[in-house]
Every structure is written in C-alpha cells, then in structure tokens.
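Let me begin by presenting the structure, written as structure tokens, before commenting on it.
Chain letters run A, B, ... following the sequence lines, proteins first and then strands; every chain starts at 1.
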Amino acid sequence: MKESEDILRKMLTETREIPVDHVPYAFEKRIMAHIEAAPQAAINLWQQWSQALWRAVVPCLAVMILVAVLDSPEAAAPQPQPAPSAPLSAQTETTDEDLEAIVMLAIETPTLDR
Amino acid sequence: MAEPTDQELIAEVLSGQTASFEPLVVKYQPRVFALARRYARRETEVEDIVQTVFLKAFSKLSSYKGTAPFEHWLMRTATYTCYDFLRKHQRNREWNATDLSDEENDWFENLGEESHAHTNQEAARALVDKLLDELKPDDRHIITLLELDRKSIREIADLTGLSESNVKVKAHRAREKMRKAVDRLNPEKYL
C-alpha cells in the first residue's frame, strides 16, 4: 500500500511539473472574431427576415388583386330572389285556418259539456 | 500611461466597446489554458473549452458585480465549463497493465532509478489520465483541482458548492481508487 501511494504521488508530481499554460499563437484573435461575429449573426437573421417579408409583398399583392378581380362580377350580378316566399305564405294560410278551427272549437266546447 | 484596470476594461466592454475585452483575454488565457489542459487531453478539446469560457464570460459580463476580483469570477466560469466537459466526455474505463504503452511501462520500470526524475513526464501524465478515467466526473473534478491544480479544500468547496467535509470525503475516496488502480497498472505487480 505504501509503495502504490508513493508511486501515485510521484506520478502526480511529475504531471504537475509539465508546463500547461502555453497559449496558441494569436488565440485571442480567434476569441475576438467569435465575439464580433455573434452580434453580426443576430443582425443577419433580422436582415434575412425583413428581406423575406419584402419578397413576400409582391406575391401577396398579386393574390389580393386576383381575388378582387374574380370576386367583382359576382358582386355586380343581380341577387337571386328568396325562393321560399310562396310556401311560407301557404304555411301562413294554413296556420290562420288552424287558428280559426281552434277558436271555433273553444266556443263550441261548453255546449258539448251540457 | 498606466494600463487600464480590469474594472475599467469591463466598464468599456459593457458600454459597447467590444475590443476592450481583448486585453482581458490576453491577460487571463494562460490560466484558463492551464486549467483546461488538466481536463482535456486533445489540444482541439482544450481550445474549445477555453473558447467556451471566454464566450460565456463575455455574454455574462453584465452579471459580474465587481465584489470579487475578475480573475476569481472568470476561473469559476472556467471550472464549471471544465466540469461540463467531464460530464459530456465521461469515460469510466478500467485500464490494466496490458493496456500500457512502451513509455508507460518504461516509467514503471525506471521508478527506482536516480535518473527517473524528469525522464518522461508525458508518460506520467498519460498514466495519471488513465487513473482519472476510472473516476466519476465529480470525483475526477475534485481530485484534478486538489492534486493537479493545487487548490485548497476550501477553494474547491467554494468552486463546487460542496461542503469542505464533503470535498474531503470525495477526495479521499477518489485517491483510494486511484491507488488501487496504480496496483492494477503496475507491471511489477502484474508479473
């Protein structure tokens, strides 16, 4: 156990002695390039979004005009008359007759009771 | 003309002068590289860690209150980043004496000799890496800070958010595991 402890200590000591703080040439330039590119990327995203919106304006206008043109003859054509007016009046007449029958029946009912 | 202090540079960066961050990078990058090299083996991985540390520091610079030195704040960010790296690259591999390279075998064989010192530090480092590979990320993190980065128990407790007694227990357990792994790796014992 003592031996393995000594070996471990030696291993760690030798590892610690290796210089590890060297920096690759111009590494800070790489960091700064990333930092400067990051906000640029955000701006580019907004630019792309606004360009896409502007590009969509022409097709949207075209579709709008097409729909307006296709819709206009229909708007100018005479509106069809409501068809169910005749059956509705027939229905009204029937209702009047029914009402008359009901009233007559109500008048006659007391004589029947007698 | 006197060089601007860290606080002055930070104030400039926060006011929009991004270029003022460069002197901070130049000043502290050796320390961040030294820490990152304790955690990652490949130089590309080390550079990625250091880059992440500085980009994080730049994006969170407004959260630096200035109550502690900037170096402490930066190194805390660096330590968290290194720990994240360990968790993402968890190896948990168990090595045996048969896995050793010629240089690593030679390191064990030359142990008793006077000329051993400074003979092959890279072999020693490779062996330590093998021992660390067997530890869980949080144990490895603590033993790296304690044994390689020479941080005190209190500093490690501050950096990790663990209690001092917890750090001591974890460090002791990790060291014990490493000692057992040394026995397993030592070709003299294997033969």
Side-chain angles (χ1 to χ4, degrees), chain A residues 1-69 71, chain B residues 13 18-19 21-27 29-38 43 46-47 50-51 53-55 57-59 107-108 111 116-132 143 146-150 175-176 178-186 188-189:
Chain A
M1 182 175 165
K2 180 82 171 74
E3 189 194 5
S4 54
E5 182 63 37
D6 290 345
I7 293 172
L8 178 58
R9 196 174 301 130
K10 204 171 184 64
M11 239 181 234
L12 290 168
T13 309
E14 287 192 23
T15 304
R16 268 198 304 271
E17 284 168 359
I18 299 172
V20 283
D21 62 351
H22 52 278
V23 176
Y25 176 72
F27 191 80
E28 65 279 3
K29 300 290 176 201
R30 174 175 152 177
I31 303 284
M32 293 312 292
H34 275 279
I35 286 171
E36 278 153 22
Q40 199 64 34
I43 290 166
N44 286 345
L45 269 176
W46 282 114
Q47 273 179 350
Q48 283 170 9
W49 174 242
S50 82
Q51 278 172 2
L53 284 179
W54 277 114
R55 265 188 233 123
V57 164
V58 175
C60 283
L61 276 174
V63 168
M64 200 175 81
I65 291 165
L66 193 70
V67 168
V69 166
D71 197 41
Chain B
V13 175
T18 311
F21 193 66
E22 189 170 337
L24 292 169
V25 177
V26 172
K27 186 175 177 183
Q29 60 184 353
R31 266 164 264 188
V32 180
F33 262 100
L35 185 72
R37 285 200 179 95
R38 299 291 186 208
E43 204 53 23
V46 171
E47 288 179 12
V50 177
Q51 183 179 303
V53 170
F54 281 110
L55 294 184
F58 178 79
S59 63
W107 189 89
F108 273 110
L111 259 176
H116 187 263
H118 305 292
T119 47
N120 199 346
Q121 290 174 327
E122 282 303 327
R125 185 191 176 175
L127 285 165
V128 168
D129 278 339
K130 282 189 166 64
L131 301 180
L132 292 173
I143 213 79
L146 185 71
E147 299 290 354
L148 299 178
D149 212 36
R150 300 306 260 172
R175 215 187 145 91
E176 190 61 20
M178 287 174 86
R179 197 189 55 71
K180 282 181 184 160
V182 167
D183 274 346
R184 198 175 347 103
L185 285 177
N186 191 350
E188 300 291 318
K189 298 249 176 164

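The heavy-atom pair separating B:Arg179 from A:Leu8 by the smallest distance is N-CD2, 4.0 Å. In plain terms, the two heavy atoms of A:Thr15 and B:Arg38 that are nearest each other are O-NH1, 3.5 Å. For the pair B:Leu148 and A:Arg16, the tightest heavy-atom approach, listed with the atom from each and the gap, is O-CG, 3.6 Å. Contact detail for A:Ile31 and B:Leu55: the closest heavy-atom pair is O-CD2, 4.2 Å. Across all non-hydrogen atoms, the minimal contact from B:Glu47 to A:Phe27 is O-CZ, 3.6 Å.
With chain A as partner, the option from B:Pro30, B:Ala124, B:Ser59, B:Ala181 having the largest number of non-hydrogen pairs under 4.5 angstrom is B:Pro30.
A heavy-atom distance below 4.5 Å is not found between the side chains of A:Glu28 and B:Lys27. Taking the side chain as every heavy atom from C-beta outward, A:Ile7 and B:Phe108 approach each other to under 4.5 Å. Using a 4.5 Å heavy-atom threshold, the side chains of B:Phe54 and A:His34 count as separate.
Proximity to chain A is absent for every atom of B:Ala123, based on heavy atoms less than 4.5 angstrom apart. Heavy-atom distances place both the backbone and the side chain of A:Met11 under 4.5 Å from chain B. Looking at B:Leu131, only its side chain comes within 4.5 Å of chain A, counting heavy atoms on both sides.
Taking CD of A:Glu14 as the start and CD of B:Glu122 as the end, the distance is 11.0 Å to the nearest 0.5 Å. Separation of atoms OG (A:Ser4) and CE (B:Met178) is listed at 12.0 Å; rounding is to 0.5 Å. We find the CD-CG distance between A:Glu3 and B:Asp183 to be 7.5 Å, quoted to the nearest 0.5 Å.
Listed by chain and number, the residues in a salt bridge (charged side-chain N to carboxylate O under 4.0 Å, His left out) with B:Arg31 are B:Glu71 (sequence neighbours excluded).
With hydrogens and angles ignored, the 3.5 Å screen pairs a side-chain donor or acceptor of B:Arg37 with a backbone N or O of A:His22.
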